[in-house]
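Note that the structure is a prediction, hence the values are computed from the model and not measured.
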Amino acid sequence: MASWTPEHLAPSTLPNAKSPWATAEQERADRQAAAEAQLQAIRSQWPALMAKLARIPDPRRPGSIRHKLTVVLVYGMLLFVLQYASRREGNRELGRPCLGEALRAVFPDLQDAEVPHLDTVNRLLARIPPEALQQVLTDRIQHLLRQGKLAGFMVRGQYVIALDGMHKLARTFPWTPQALRWRNGGSPEVGYTVYLLEAVLVSPQGVTLPVLVEFCANEPVADEPREQAEARKQDCEQKAFQRVAARLKRMFPRLRLLIVADGLYANGPVVALCRRNQWDFMITLKDGSLPAVWTEAEALCRLEPDNTLTTTWGDRQQIFRWANHIEYVYGPSNRGHQQLHVVICEEHWHEHNQQGEQIERHARYAWLSGRPLSAGNLAERCNRAGRHRWDIEEHILAIKRHGYQAAHAFSWNWNAMRNWHCLMLIACLLNTLACYSVALWDLVCARGFAGTIRFLRESYLNPWLDLARLRLLRTRPAQLRLIF
C-alpha cells in the first residue's frame, strides 16, 4: 500500500451507489461521451505514434506482407489498452464487428486494415529490436515534456524519476538462456525468473507515467557448458541501474531530474553516478544500512538541536531532524568519498479501527539527500518527492494485477516477450493520459481506473456507439487536457 498523501488525485474509495441511469438512452449517452473522451486522448498522440512506428524497419519479406507493420503493432497495443488477459482472449475479442467499426470510424489508418491474428503479431515482435519500441515510448514522454503537459509533475523545478525492480515471471525449467537463476532459501532446486528494472515519472499527485524498462539477462555464450554458465556471475538490478542511468542521460541530457529509489540504492557507486550525471536524489535509508552514516547522522542531530522542524501535513503531525555534510567512504581501500545529507521524519496520526475506536498510528522514514537540507526545503523534498518512491510500487501492482497482466509472458521467445512488455507500457501510458483527462475524470472517480477501462471496453464491443458522431471526431482538433 502506498504512503498516504493529501495530494493524491486518485480516489481512495469508490461510491457505493446504484446505477445512475434510469433509461437506456441515458446509458447510451454516457457511454458515447466516455468513448469519445478516450478516443480524443488517443488521437492527440496518434499521428506522432504512427509516424514513429512507421520508422521501425520491417523484417518481413516484401512479397509475404499481408498486414502493414503499423497495423500489426497497433493491434498489439490494443490488446493492453482494452486489458485482455492473453493472446487467445485478444484473438476472440479484437475482431468483434462493433469494435472494428468504432476504430475505423475514428482512425483512418485502420480503414481498410484486416485485424491480424495475434500469433502474427508475436512472430513480428520476435524479429523487431526492443530498442525500437522503447524509443516510441521515450518519444511520447519527451513530446509531453516539450508541450508542457507535465509541468505539474515538477518538485522544486525538477522532475522525479522513481526506479524499482520487478519479477515478471518464474518457471522451474530453463525456458530461455537469458533467464536469471535463483534458489529458494537452501533448496537445491534451481528456478528461472525474468527480472526487470523500470523507471517511471512520478508526480506529487500520485500519477505515474512509464519512461523505460531494462531487462536483466544472462547473455548466452556459444558452446558454453551448462555448469560453466551457472558458475558465471549473473546480471542484477545494480548492473541494470548502470544501463538505465546511461539511457536516461541520453534521453534527457539537460532535464533536471531527481531520482527516488529504495534502500538497495543507498550505496556509494549509485550516489557517485547520480552526481556525475548532475542528478539530485532522495534514496530511502533503511535501519542498519550504512551504519557509519547512521551513527554520524544521529550524533549530529544531538549536537545541532536547531536542525528540527515540526509541521502538519494533511492530518499528520511530522517531526523532521536532519544532518548535513556527512563524509561517507566506500570501495576498495576506502577510495570513494561522498558527502551525504540525511533526514529523518517521524509522524503520527489518528484513525478509526473496524470497531470505530480511535487509535494512534506512528511511522518513521529516513532518506539520503543529494542536496543540503534546511527548514525551507526538506518538507517538500520528503513529502512531495522522497515518499513518492512508493508510487512505483503502485504502478507495478497495477500492471501485474489490475488488468495489464505484466506477470504473463505473452510469448516464450525472449525478444518477443520484451517487445510485448514495451507495447504494454505504451498502452499503459495511453490509458493513464485518457483517465487523467478532464473529460473522463468524473467517470474515473465514480468507477475507478480498472472499472473505467471495463466500461469503455463494453461500450466498444456492443452496439452502444453512434458511428456518425465518432466520424465527426476526425474534424475536431485532438486536444489533451489533463487535470494535473
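- Residues V211 and F252 meet the side-chain proximity criterion, which asks for heavy atoms closer than 4.5 Å.
- Annotation: the span from E89 atom CD to Q83 atom CD amounts to 11.0 Å, rounded to 0.5 Å.
- Separating the CE atom in M424 from the SG atom in C428 is a distance of 6.5 Å, to the nearest 0.5 Å.
- Counting heavy atoms from C-beta outward, E36 and L465 have side chains that stay 4.5 Å or more apart.
- Contact of the I392 side chain with the V260 side chain is not registered, since no non-hydrogen atoms from C-beta on lie closer than 4.5 Å.
- Closest non-hydrogen pair, Q158 versus L257, comes out as OE1-O, 3.8 Å.
- A donor-acceptor contact shorter than 3.5 Å is absent between the side chain of K286 and the backbone of A266.
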Worksheet item: Please walk me through it: do D280 and R256 pass side chain to side chain contact (heavy atoms under 4.5 Å, CB included)?
Response: CA-CA 8 Å; D280 196 0; R256 298 179 62 188; over 6 Å; no
Could you pull out every donor-acceptor pair under 3.5 Å between side chains of residues 476-483 and any protein atom, sequence neighbours left out?
none

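- Contact detail for A126 and N415: the closest heavy-atom pair is O-ND2, 3.2 Å.
- Sequence neighbours left out, the pairs with a member in residues 51-62 that pass side-chain hydrogen bond (donor to acceptor under 3.5 Å, both in side chains) are D58-R60.
- Counting all heavy atoms, side chain and backbone alike, A407 lies closest to R401 at CB-NH1, 4.0 Å.
- Counting only heavy atoms from C-beta outward, the side chains of L79 and F410 approach each other to under 4.5 Å.
- Inter-residue side-chain proximity for I259 and V270 is flagged as unmet; no heavy-atom pair is nearer than 4.5 Å.
- In this structure, the side chains of L423 and L125 come closer than 4.5 Å at one or more pairs of heavy atoms.
- How far NE2 of H408 is from NZ of K168: 9.0 Å, rounded to the nearest 0.5 Å.
- Residue R66 qualifies as open at atom CZ: its count of foreign heavy atoms under 6.0 Å is 12 or below.
- Classified by interplanar angle (parallel below 30°, tilted 30° to 60°, perpendicular above 60°), the ring pair H388/H8 is tilted.
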Fill in: Test log, rule side chain to side chain contact (heavy atoms under 4.5 Å, CB included), inputs Y460 and Q38
CA-CA 11 Å; Y460 295 131; Q38 186 193 33; 2.6 Å; yes
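- Note that R31 lies in the cation-pi zone of F455, set by a 6.0 Å cut-off to the ring centre and a 45° limit from the axis.
- Side-chain atoms of R275 come within 3.5 Å of backbone atoms of G370 as a donor-acceptor pair (strictly under, hydrogens ignored).
- Rounding to the nearest 0.5 angstrom, the gap separating the CG atom in D262 from the CH2 atom in W390 is 9.5 Å.
- Taking each heavy atom of Y192 and W182 in turn, the nearest pair found is N-NE1, 3.4 Å.
- Counting only heavy atoms from C-beta outward, the side chains of F281 and L273 never approach each other to under 4.5 Å.
- Once rounded to the nearest 0.5 Å, the distance linking CG of L425 with CG of L209 reads 11.5 Å.
- Within the 3.5 Å criterion, the main-chain N or O of M251 finds a donor-acceptor partner in the side chain of Q142.
- Checked against the 6.0 Å centroid threshold, H67 and H117 do not count as a close aromatic pair.
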Discussion item. Assess the residue pair L94 and L118 against the criterion (side chain to side chain contact (heavy atoms under 4.5 Å, CB included)); give the C-alpha distance rounded to whole Å, side-chain angles, the decisive distance to 0.1 Å, and a yes or no.
Written reply: CA-CA 10 Å; L94 289 178; L118 290 179; 4.3 Å; yes
Show which side-chain atoms of residues 194-201 pair as donor or acceptor with protein atoms under 3.5 Å away, not counting sequence neighbours.
from : atom 1 : to   : atom 2 : distance (Å)
Y195 : OH     : E237 : OE1    : 2.6
E198 : OE1    : H395 : NE2    : 2.9
E198 : OE2    : H421 : NE2    : 3.1

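- For D30, the side-chain hydrogen bond (donor to acceptor under 3.5 Å, both in side chains) partners two or more places apart in sequence, or in a different chain, are W21.
- Between the side chain of Q234 and the main chain of R181, a donor-acceptor pair closer than 3.5 Å is present.
- The backbone N or O of V81 sits less than 3.5 Å from a side-chain atom of N431, completing a donor-acceptor pair.
- Contacts of R454 classified as side-chain hydrogen bond (donor to acceptor under 3.5 Å, both in side chains), with partners at least two apart in sequence or in another chain: none.
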Worksheet item: Can you check side-chain hydrogen bond (donor to acceptor under 3.5 Å, both in side chains) on N122 and S411, steps first, answer last?
Response: CA-CA 7 Å; N122 186 60; S411 177; 2.9 Å; yes
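- With contacts defined as side-chain heavy-atom distances shorter than 4.5 Å, the pair R104/L467 does not qualify.
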Let me have the donor-acceptor pairs involving side chains of residues 433-453, under 3.5 Å, with sequence neighbours excluded, atom names and distances please.
from : atom 1 : to   : atom 2 : distance (Å)
S437 : OG     : A434 : O      : 2.5
T452 : OG1    : G448 : O      : 2.7

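- D391 places no side-chain N or O within donor-acceptor distance of the main-chain N or O of V202, the cut-off being under 3.5 Å.
- The backbone N or O of F215 sits less than 3.5 Å from a side-chain atom of R243, completing a donor-acceptor pair.
- Between A385 and V160, the shortest heavy-atom distance links the atoms CB-CG2, 4.2 Å.
- At distances below 3.5 Å, not a single donor-acceptor pair connects side-chain atoms of T284 with backbone N or O atoms of W367.
- Side-chain atoms of R387 and T5 form no donor-acceptor pair, as typed in the model, at a separation below 3.5 Å.
- A salt bridge does not link D109 with K68: every distance from a Lys NZ or Arg NE/NH1/NH2 to an Asp or Glu carboxylate oxygen is 4.0 Å or more.
- A distance-only check finds no donor-acceptor pair linking the side chain of N218 to the backbone of P177 [under 3.5 Å].
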Worksheet item: Which is it for L285 and L340 under the side chain to side chain contact (heavy atoms under 4.5 Å, CB included) test, yes or no, and what are the steps along the way?
Response: CA-CA 11 Å; L285 183 61; L340 301 177; over 6 Å; no
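- In this structure, C382 and M282 approach most closely via the heavy-atom pair SG-CE, 4.0 Å.
- The only member of M417, Q134, E131 that meets side chain to side chain contact (heavy atoms under 4.5 Å, CB included) when paired with C422 is Q134.
- One N or O on the side chain of R474 and one on the backbone of A105 form a donor-acceptor pair closer than 3.5 Å.
- One finds the CG atom of L429 at 10.0 Å from the OG1 atom of T208 (value rounded to the nearest 0.5 Å).
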